Amino acid sequence: MRRLRPLLAALALLALTACGSISRDAYKASDLAGPPPQGLSDIRFNASDSAAGIRFAEAARTRAKGQKTFDVLALSGGGSNGAYGAGVVTGWTKTGERPEFDIVTGVSTGALTAPFAFLGPTWDDRLTEVYTGPAADRILQPRGLGVLFHPSFYDSGALRGLVEKYADANMMQAIAAEHRRGRRLLIATTNLDTEETVIWDMGAIASKDDEASRELFRDVLVASASIPGVFPPALIQVEGHGRRLSEMHVDGGVSIPFFVAPESLLLWTVDKGEARPGRIFVIVNGQVGGSFGFTKGGALSIVGRSWQTMSKALIRTHLAASAGFAQRNGGQLFYSAIPDAAEADTSGLDFAAGNRKTLFHMGYDRAVAGWAWSIAAPPPEPPLVPAPPAKSGR
């Protein structure tokens with residue numbers, strides 16, 4: 001019985017934690033029927049809506065018609081591993097070969113990097129500070145006994161404070177100016193109520209230039225980076241059909257690890273004569289290949305190892321699908337990931353200053369040396385299977 005006490009205590013704590021919740025008014029699917037909630041049709045779309053996906057990227061494609069192709073940068077999730085991607089971006093600047101991207105997309109920690117990457121090299125110092133400065137030391141703020149009354153193990157106050165510090169009026173004005181040039185900054189969140197990936201046009205939000213839009217801009221960044229269970233979900237208020245609705249959004253990585261194109265467009269082929277994808281770069285804030293790690297017999301070890309395995313498989317699948325999209329449209333996909341043999345903690349939850357700086361310098365050094373990028377290959381075409389012989393008409 002003595003050996004069972006720690007387990008029983010853990011189960012009791014887990015049961016008590018389940019009592020923690022966020023208060024919100026319930027609504028039904030019928031409340032979402034019809035056109036999108038007011039004021040949202042021009043700033044976001046569901047990833048399953050192919051027509052909306054084409055429409056939202058039209059300005060970037062039109063802008064690129066002069067050179068016939070458009071360049072894309074996609075930044076994945078990965079928690080504290082985002083320091084690696086930040087290092088790649090800033091090291092890329094050092095080489096003098098970093099493009100001005102027509103479209104930049106971000107998921108989870110990639111959503112925090114994306115605005116800086118979108119705005120270009122003059123914002124590198126601020127990006128470096130986000131991932132190597134002291135503010136990130138406080139990202140994981142334990143609740144103590146407060147965990148019993150909340151839906152997450154950590155408070156998101158430090159995360160929101162970091163977003164509010166850097167996503168200021170100057171950043172939003174700069175993003176709005178690039179948006180007017182036809183460039184697009186897109187961030188993904190996961191709507192838990194609809195189980196959909198939602199893509200937000202951050203330039204369109206910034207262009208509204210009022211206090212409500214600035215608050216929404218920050219809410220989207222916090223929501224995209226809110227790992228379920230680690231941070232509380234973000235409630236985004238929308239004007240529904242005759243009533244105010246409170247949508248629950250969490251980490252975009254729950255539904256998609258990164259996005260080159262929304263899921264509904266991965267099999268799409270650009271019309272002849274239209275601008276097409278050229279160079280597509282994906283920064284994976286994590287490892288891609290499998291690696292040996294002895295799995296202990298405990299439930300947490302098994303669940304943790306299973307989650308890690310599933311996440312890597314999902315990333316490989318999306319890389320292959322995105323590479324196929326690029327090749328089918330005459331482009332090419334390059335990706336950068338943390339080396340499988342890296343000695344740094346790549347769990348995504350180690351926000352210690354030393355680990356973040358190690359990951360940042362790893363990305364920076366690899367980019368400067370020209371080792372950061374690999375070419376992603378699309379899945380092979382399935383072999384042609386001969387038709388079965390016709391049955392004799394006896």
Side-chain angles (χ1 to χ4, degrees), residues 60 63-64 67 69-133 136 166 171 174-175 178 181 183-187 202-203 257-260 277-288 315 318-319 322-323 326 331-340 342 344 346 355-376:
R63 174 179 184 268
Q67 65 262 28
T69 63
F70 57 92
D71 291 336
V72 179
L73 172 64
L75 299 147
S76 87
S80 55
N81 292 339
Y84 172 80
V88 170
V89 170
T90 55
W92 205 356
T93 298
K94 189 75 172 176
T95 68
E97 297 177 358
R98 177 177 161 188
E100 179 185 76
F101 291 98
D102 300 290
I103 299 175
V104 176
T105 73
V107 174
S108 193
T109 191
L112 303 183
T113 304
F116 301 96
F118 179 74
L119 290 175
T122 57
W123 291 73
D124 281 0
D125 288 346
R126 276 162 281 196
L127 173 58
T128 300
E129 188 176 319
V130 167
Y131 281 98
T132 65
Y166 292 98
M171 170 180 276
I175 289 172
E178 293 303 312
R181 294 179 58 214
R183 300 177 66 220
R184 291 296 179 261
L185 171 62
L186 306 175
I187 299 298
M202 304 303 280
F258 63 85
F259 70 99
V260 165
R279 296 173 298 173
I280 297 174
F281 295 88
V282 178
I283 295 180
V284 177
N285 290 303
Q287 295 168 317
V288 173
I315 288 172
H318 272 266
L319 280 173
S322 299
Q332 193 166 31
L333 188 143
F334 306 86
Y335 74 95
S336 179
I338 297 175
D340 294 334
T346 59
N355 192 60
R356 284 184 286 110
K357 289 178 180 178
T358 295
L359 289 166
F360 179 89
H361 289 296
M362 182 190 303
Y364 182 92
D365 292 342
R366 284 172 60 81
V368 170
W371 302 336
W373 301 104
S374 301
I375 298 176

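The structure presented is a predicted model; accordingly, all values stated were derived computationally and were not measured.
In this structure, Gly133 and Arg356 approach most closely via the heavy-atom pair O-NH1, 3.4 Å. Considering every non-hydrogen atom in both Ser108 and Gly77, the closest pair reads CB-CA, 3.5 Å. In plain terms, the two heavy atoms of Ser336 and Val88 that are nearest each other are OG-CG2, 3.9 Å. The two atoms that bring Ala74 and Val260 nearest to each other are CB-CG2, 4.3 Å, heavy atoms only. Taking every heavy atom of both residues into account, Gly286 and Ala337 meet most closely at O-CB, 3.5 Å. Across all their heavy atoms, Arg184 and Ala60 have their closest contact at CG-CB, 4.3 Å.
To the nearest 0.5 angstrom, Thr109 atom OG1 is 11.0 Å from Ile283 atom CD1. Atoms CD1 and CG, from Ile375 and Leu333 in turn, are 10.0 Å apart once rounded to the nearest 0.5 Å. Phe360 CZ to Asn355 CG: the interatomic distance, rounded to the nearest 0.5 Å, is 14.0 Å. Residue Thr346 holds its OG1 atom at 8.0 Å from CG of Leu359, rounded to the nearest 0.5 Å.
Counting heavy atoms from C-beta on, the side chains of Thr90 and Leu127 come closer than 4.5 Å. With contacts defined as side-chain heavy-atom distances shorter than 4.5 Å, the pair Ser374/Phe334 does not qualify.
With Asn285 contributing its side chain and Gly85 its backbone, the two residues share a donor-acceptor pair below 3.5 Å. Looking only at distances, a side-chain donor or acceptor of Asp102 sits under 3.5 Å from a matching main-chain atom of Asp71. In this structure, the side chain of Gln332 does not engage the main chain of Arg279 through any donor-acceptor pair within 3.5 Å.
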Distance-only donor-acceptor pairs under 3.5 Å for side chains of residues 111-123, two or more places apart:
residue, atom, partner, partner atom, Å
Thr113, OG1, Tyr131, OH, 3.1

Would you tabulate the side-chain donor-acceptor contacts of residues 363-370 under 3.5 Å, counting partners in other chains and residues two or more places apart, or write 'none'?
residue, atom, partner, partner atom, Å
Arg366, NE, Tyr84, OH, 3.4
Arg366, NH2, Trp371, O, 3.2

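Ring geometry, Trp92 versus Trp373: the interplanar angle falls from 30° to 60°, so the pair is classed tilted.
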| message | Ser322 vs Phe258, test: side-chain contact (heavy atoms from CB on, under 4.5 Å). Steps then yes/no. | response | CA-CA 10 Å; Ser322 299; Phe258 63 85; 3.7 Å; yes

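Listed by first and then second residue, the salt bridge (charged side-chain N to carboxylate O under 4.0 Å, His left out) pairs that reach into residues 81-101 are Arg63-Glu100, Arg98-Asp124, Glu100-Arg181, sequence neighbours excluded.
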